[in-house]
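To keep things clear, I will list the structure first and then write my remarks on it.
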Amino acid sequence: MIKKTATLSEVAKAAGVSAAAVAKVMYNSKGNTRVGKEKAELIRRIAAEMNLAPNTAARALRTGKTRMIGFLSGGSAGEIRIRTMTELTKILEEKNYQIIFRPSHRYETLHDFAGSLAASCDAVVVDATFVKGTFPAVCADKLLILTSDEQADNCGHPVIRYDHSFGVKEALQHLTQLGHKKILMLSINWWNNRDNARVRAFQKYSKEFGLQYAPIEYLAETFDDVTIDQISGLLKKHSEATAVFCVCDTLALRVLQAAHQLGINVPKDLSVMGFDDISSSALSIPALTTVRQPNREVAQSAVNYLMNKLENTRYEVDYAPKCRLIKRDSTDIPKQN
């Protein structure tokens, strides 16, 4: 729970002093106001109890640091990115840093927003599915990229990468160990970009594990445009598939709906897997087998990197935290076995 901050005037009223006196003690402001030792100690105690809001402008002028970190979410700020931001905020607040959140729903605005945050923050964390193009010069030494896109490794900025490839490998390993050799992948045509890390990993490991049948079907650009009828049509088209691996849990939950309407028993007739481990995946019937995103690990590594850069610490940084398989009830041995 985030503690409410108090204003300078509120602290002054509680301490029975002028606002100028609080500013002198807490912000080292200039002026002729004199504050005695005992009164200064009282002001500091009450300011701490009331969580006095920091004067970032004054602090920046004095130290050259704002102790503010920008967090820019590229694309939709869904549950997964909010998890990362929540973990990041919690850890940074413990280190007396504030986080400024800004979503960028269109990738065309990502670079401009990063520039505006970099101008007022000590560092900017960009969490985005795809990272393309050049960021403004003001971002030069302030940017940290969080992404699953392996191609971002060459973007010229430090990158902490969600290792989706490892998660897909664990998913296919789980299905093949159950005996599945015919696996359909369903994906979303995100922002007209079919070349995402999960699809690339599926293509790679379906060959490595010797799958006999591994087609990939792309649905609409957004989840709002995906219908149960579309999914039902694809399940009928690929009726020989014994398992469906979905690019995300939201899509997998809709596959469960479509299967139910078609009279397909999951997992006896068809195994279904998702990716992300969103909160509703554990509540579906059957509970969804999925791959968990390493939000906590990514957030901790991001903070470690930032502290190493901003405060000259030497924390260990994991630049590729792994996604992990979560086994639940929606996968089983194929029916023919």
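- Annotation: side-chain contact (heavy atoms from CB on, under 4.5 Å) contacts of Ser232 (sequence neighbours excluded): Ile228, Ala258, Leu262.
- Each of Val138 and Leu310 belongs to its own hydrophobic cluster when Ile, Leu, Val, Met, Phe, Trp and Tyr are linked at side-chain heavy-atom distances under 4.5 angstrom.
- Side-chain contact annotation: Ser73 with Asp127, donor-acceptor N/O pair under 3.5 Å absent.
- Between the side chain of Thr313 and the backbone N or O of Met307 there is at least one donor-acceptor pair closer than 3.5 Å.
- Between the side chain of Asp276 and the backbone N or O of Ile278 there is no donor-acceptor pair closer than 3.5 Å.
- Side-chain contact between Leu306 and Tyr97: absent, with no pair of heavy atoms (C-beta onward) separated by less than 4.5 Å.
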Check the pair Asp149 / Arg200 against salt bridge (charged side-chain N to carboxylate O under 4.0 Å, His left out), numbers first and verdict last. CA-CA 10 Å; Asp149 185 5; Arg200 289 195 297 269; 3.6 Å; yes

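- Of the possible donor and acceptor atoms, none in the side chain of Lys142 sits under 3.5 Å from a partner among the backbone N and O of Leu117.
- Expressed to the nearest 0.5 Å, how far CD of Gln98 lies from OG1 of Thr89 amounts to 10.5 Å.
- A 4.5 Å side-chain heavy-atom check between Ser148 and Gln293 finds every atom pair outside the cut-off.
- If you check the side chains of Ser271 and Asp332, you find no donor sitting under 3.5 Å from an acceptor.
- Remark: Thr86 OG1 to Phe101 CZ distance equals 9.5 Å, nearest 0.5 Å.
- Panel note: side chain Thr289, backbone Lys327; no donor-acceptor pair is recorded below 3.5 Å.
- Judged as a ring-ring contact (aromatic ring centres under 6.0 Å, His included), the pairs with a partner in residues 135-166 (not counting sequence neighbours) are, in order, His111-Phe135, Phe135-His157, His164-Phe275.
- Phe113 and Pro103 get closest at one heavy-atom pair: CE1-O, 3.7 Å.
- Under the 4.5 Å side-chain criterion, counting only non-hydrogen atoms from C-beta, Gln257 is in contact with Arg254.
- A pairwise comparison of heavy atoms in Asp269 and Gly263 identifies OD2-O, 4.2 Å as the closest pair.
- Between Glu170 and Val291 the shortest side-chain heavy-atom distance does not fall below 4.5 Å.
- Between Gln300 and Glu87, the closest side-chain pair of non-hydrogen atoms is not below 4.5 Å.
- In this structure, Ile99 CD1 and Arg67 CZ are separated by 14.0 Å, a value rounded to the nearest 0.5 Å.
- Side-chain N or O atoms of Arg198 include one that pairs as donor or acceptor with a backbone N or O of Val247 at under 3.5 Å.
- Asp163 and Lys169 are not joined by a salt bridge, as no carboxylate oxygen comes within less than 4.0 angstrom of a charged side-chain nitrogen.
- Of all the heavy atoms in Ala287 and Arg328, the pair that sits closest is O-CB, 3.4 Å.
- Smallest separation of non-hydrogen atoms from Ser284 and Leu288: OG-N, 3.4 Å.
- At least one donor-acceptor pair closer than 3.5 Å links the side chain of Asp122 to the backbone N or O of Thr66.
- In summary, Glu10 and Lys13 do not engage in a salt bridge, as defined by a charged side-chain N under 4.0 Å from a carboxylate O.
- Using a distance-only test at 3.5 Å, with no hydrogens or angles considered, no donor-acceptor pair links the side chain of Arg102 to the main chain of Gly70.
- Considering all non-hydrogen atoms of both residues, Gln230 and Val226 come closest at OE1-CA, 3.3 Å.
- Salt-bridge annotation for Lys90 and Glu94: absent, with no side-chain N of the basic residue lying under 4.0 Å from a carboxylate O of the acidic one.
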Which donor-acceptor pairs under 3.5 Å do the side chains of residues 314-323 make with protein atoms, sequence neighbours left out?
from   : atom 1 : to     : atom 2 : distance (Å)
Asp318 : OD1    : Ala320 : N      : 3.0

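- To the nearest 0.5 Å, the span separating CD1 on Ile69 from CD1 on Ile100 amounts to 9.5 Å.
- In this structure, Asn295 and Ile80 have side chains that are in contact, with non-hydrogen atoms separated by less than 4.5 Å.
- In this structure, the side chains of Tyr218 and Val199 come closer than 4.5 Å at one or more pairs of heavy atoms.
- The two residues Lys39 and Val17 come nearest to each other via the heavy atoms CD-CG1, 3.3 Å.
- Ile326 and Val244 are members of different hydrophobic clusters when ILVMFWY side chains are connected at heavy-atom separations under 4.5 Å.
- If you chain together hydrophobic residues whose side chains sit under 4.5 Å apart, Tyr213 and Leu178 never meet in one group.
- A donor-acceptor contact shorter than 3.5 Å links the side chain of Ser206 to the backbone of Gln203.
- Looking at Thr331 and His174, their side chains do bring a donor and an acceptor atom within 3.5 Å of each other.
- Separation of atoms NZ (Lys309) and CG (Asn304) is listed at 15.0 Å; rounding is to 0.5 Å.
- Taking a cutoff of 4.0 Å between a charged side-chain nitrogen and a carboxylate oxygen, Glu311 and Lys95 do not qualify as a salt bridge.
- The pair Arg45-Glu41 does not meet the salt-bridge criterion, since no charged nitrogen lies less than 4.0 angstrom from a carboxylate oxygen.
- Distance check: Met85 CE to Ile82 CD1 gives 6.0 Å after rounding to the nearest 0.5 Å.
- By the criterion of side-chain heavy atoms lying less than 4.5 angstrom apart, applied directly or through intervening Ile, Leu, Val, Met, Phe, Trp or Tyr residues, Leu219 is grouped together with Met185 in one hydrophobic cluster.
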